[in-house]
Enquirer: 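Have a look at this one.
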Amino acid sequence: MTTKKEIAISIENLHKTFRLPHEQHSGLKQMVIGALRRNRKKGYELHHVLKGLDFEIEAGDFFGIVGRNGSGKSTLLKTLAGIYSPDKGAVQVNGTLVPFIELGVGFNPELTGRENVFLNGALLGFSRDEMSAMYEDIVKFAELAKFMDQKLKNYSSGMQVRLAFSIAIRANADILLLDEVLAVGDESFQRKCFQYFAELKKNNKTVILVTHDMDAVQRFCDKAIMIEKGKIVASGRSSEVAQKYRELFAADSNIPQSTTKKQNRDGTIETDFIQAKINLRKTSEKLTFDITVRQKKPLKEDSIVALGLIRDTGEQVFRWASDEKTKDVLSFDPAHITLELQNIFPEGTYDILFVVKSRDRSEDYGTFTDILQFEIESRTDHPWDTYWKPQERFTIEPSKVGGR
Ligand code: ADP
């Protein structure tokens, strides 16, 4: 495509600092401690939270923001939403924006669910008639029909989020900011959010998603940034940023993790724990992955293999783990794994994600992307739907010696 995309959000050298007032100390001990502190005269301490961020989000992008707790993600979102003003730098937003970032804003706990729908709608700029027309859909999406006459203070936080989200999406804004919506909902609500995300993508809306769910980042986001201590430490394709995030956590823990890594684009990979070879046979009906895994060091007995398909848009269109349906683990060394998938995937260039981990996912023996590229040609016989699971067949058995 030659048309240049419009910029939805542009951030330049963004700084945000909070002033934290010093507490008033009364006791003698506190006075002595206070006297020893520097900065005391100022009466406040500066907390520099965002330290010069630069990035752009194109209109129609699904953009992920990831990072540890306390790294500055919510502060960034609130600055984008205009709730905080930057101390330095520029924030430019082109288009209407709806923030869905702080639970309880615009809700009154003493009112019923129904009353809160109308109150919240008014805050989003809807008339009463408009809200009446949307009311049934809102309640249905939130799955709260039975609870609408109860006071909001009796709702769980998950129920409140469902209601708030269900209202926020009616605003049909150009840009939607979402902070951790996925963390609170149950699985069926999450699935609905995912469906809704897929729809937003189709309609070329700009969505900014803060989440710890790297599967969601890979599946929905085109691009992402990772923030660490108020600075951008990774940016680019969502699959790469998600990988960096996982590495950040892997580096944090003292549990065995593969350190050395070798990989080729022909599907051979090696870490200090495993050697593996992945082959793909592709027809218009089926994708057949043939995988041999050899252990260099003994892995935990219940280790698993997982495989994902990542489209060039960065979207993870499929993910499979050996223990999910079949409860199978890597019980043989070397092991030969066959995964046969119905080829229902949309056209594009694909890469695979390949993972070997202990079943509780605490030990990572190897996580790879960029190892096997393949194409899926355009076709019309399979209308693509994110929620259409391909049929799959899977076996794990001892590998024949020299079978690699
Ligand atoms: P994240 O969303 O990544 O968890 P936050 O943006 O919430 O991170 O917080 C980043 C840092 O800024 C934290 O140290 C937090 O304590 C601080 N912070 C956030 N909001 C305020 C505020 N209103 N006043 C003072 N400090 C704040």
Side-chain angles (χ1 to χ4, degrees), residues 9 11-25 37-40 42-55 57 62-91 93 97-107 157-158 160-161 164-165 168 175-185 190 193 207-218 220-221 223-236 238 240-253:
I9 289 186
I11 299 291
E12 226 181 283
N13 191 30
L14 173 64
H15 286 263
K16 181 70 197 165
T17 303
F18 292 106
R19 284 182 177 201
L20 304 176
H22 280 162
E23 288 156 41
Q24 298 295 312
H25 305 302
R37 282 209 185 125
R38 272 172 270 149
N39 273 354
R40 184 170 169 259
K42 276 195 210 152
Y44 60 84
E45 243 166 89
L46 290 177
H47 188 21
H48 198 174
V49 175
L50 301 179
K51 301 171 184 164
L53 306 188
D54 285 284
F55 64 94
I57 301 176
F62 224 97
F63 194 88
I65 300 178
V66 307
R68 289 178 224 253
N69 287 333
S71 57
K73 306 179 297 292
S74 305
T75 304
L76 172 59
L77 276 197
K78 285 180 190 158
T79 313
L80 296 183
I83 297 169
Y84 294 153
S85 50
D87 296 309
K88 208 168 113 186
V91 173
V93 176
L97 177 150
V98 167
F100 184 72
I101 52 187
E102 212 165 15
L103 186 58
V105 175
F107 270 163
S157 59
Q160 292 190 35
V161 165
F165 186 67
I175 306 169
L176 186 64
L177 304 185
L178 301 172
D179 195 356
E180 285 295 352
V181 265
L182 306 171
V184 274
Q190 282 187 9
C193 289
V207 179
I208 300 162
L209 179 69
V210 167
T211 180
H212 290 105
D213 179 348
M214 290 306 117
D215 286 344
V217 168
Q218 276 180 260
F220 293 103
C221 298
K223 291 175 205 142
I225 53 173
M226 179 160 86
I227 301 182
E228 173 80 341
K229 295 184 182 138
K231 289 187 175 157
I232 296 177
V233 291
S235 77
S238 60
E240 286 156 19
V241 174
Q243 177 60 18
K244 290 250 167 64
Y245 179 86
R246 292 187 174 110
E247 282 166 12
L248 182 77
F249 280 89
D252 274 353
S253 47

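Both counts, for ligands and for their atoms, begin at 1 and track the order of listing. Because only heavy atoms are used, hydrogens play no part in the values below, and waters and symmetry mates are left out as well, while side chains stay in.
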Enquirer: Report, in ascending order of atom number, the atoms of ligand 1 lying under 4.0 Å from any heavy atom of Thr75.
Expert: 5 (P), 6 (O), 9 (O), 19 (C)

Enquirer: Give the atom numbers and elements of ligand 1 that come within less than 4.0 Å of a heavy atom of Tyr84.
Expert: 20 (N), 23 (N)

Enquirer: Are there more than 12 heavy atoms of other residues, nucleotides or ligands under 6.0 Å from atom NZ of Lys244?
Expert: no

Enquirer: Considering only heavy atoms, does His47 approach ligand 1 within less than 4.0 Å through its side chain, its backbone, both, or neither?
Expert: side chain

Enquirer: On a heavy-atom basis, which atom in Val233 and which in Ile227 lie closest, and how many Å separate them?
Expert: CG2-C, 4.4 Å

Enquirer: As a test of understanding, state which of Arg68, Glu240, His212 forms a side-chain contact (heavy atoms from CB on, under 4.5 Å) with Tyr245.
Expert: His212

Enquirer: Answer yes or no for Lys78: is there a heavy-atom contact with ligand 1 below 4.0 Å?
Expert: no

Enquirer: Show me which atoms of ligand 1 lie under 4.0 Å from any heavy atom of Ser74.
Expert: 1 (P), 2 (O), 6 (O), 7 (O)

Enquirer: For atom 18 (N) of ligand 1, find the nearest protein heavy atom and state the residue, atom name and distance (0.1 Å precision).
Expert: Phe18 CE1, 3.6 Å

Enquirer: What is the nearest protein non-hydrogen atom to atom 8 (O) of ligand 1, stated with its residue, atom name and distance?
Expert: Gly72 N, 3.1 Å

Enquirer: Indicate the atoms forming the closest heavy-atom contact of Asn13 with Gly52, along with that distance.
Expert: OD1-CA, 3.5 Å

Enquirer: Is the ring pair Phe55/Phe63 parallel, tilted or perpendicular, if the boundaries are 30 and 60 degrees?
Expert: parallel

Enquirer: Which part of Leu76 is near ligand 1, with near meaning a heavy atom under 4.0 Å away: side chain, backbone, both or neither?
Expert: neither

Enquirer: Using side chain to side chain contact (heavy atoms under 4.5 Å, CB included), reason through Asp54 and Ile232 one step at a time and then give a plain yes or no.
Expert: CA-CA 8 Å; Asp54 285 284; Ile232 296 177; 5.7 Å; no

Enquirer: Of all heavy-atom pairs between Cys221 and Leu209, which one has the smallest distance, and what is that distance?
Expert: SG-CD2, 4.2 Å

Enquirer: Where's the contact between Val49 and ligand 1, heavy-atom distance under 4.0 Å: side chain, backbone, both or neither?
Expert: side chain

Enquirer: Give the atom numbers and elements of ligand 1 that come within less than 4.0 Å of a heavy atom of Ser71.
Expert: 1 (P), 3 (O), 8 (O)

Enquirer: Which ligand 1 atoms, with their elements, are less than 4.0 angstrom from a heavy-atom of Arg68?
Expert: 3 (O)

Enquirer: How far apart are the closest heavy atoms of Val66 and Met214, and which atoms are they?
Expert: CG1-CE, 3.5 Å

Enquirer: Would you say Glu228 has more than 12 foreign heavy atoms packed within less than 6.0 Å of its CD?
Expert: yes

Enquirer: Quick one: look up the protein heavy atom nearest atom 10 (C) of ligand 1 and list residue, atom name and how far away it is.
Expert: Gly70 O, 3.4 Å

Enquirer: Report yes or no: does Gly67 have a heavy atom closer than 4.0 Å to ligand 1?
Expert: no

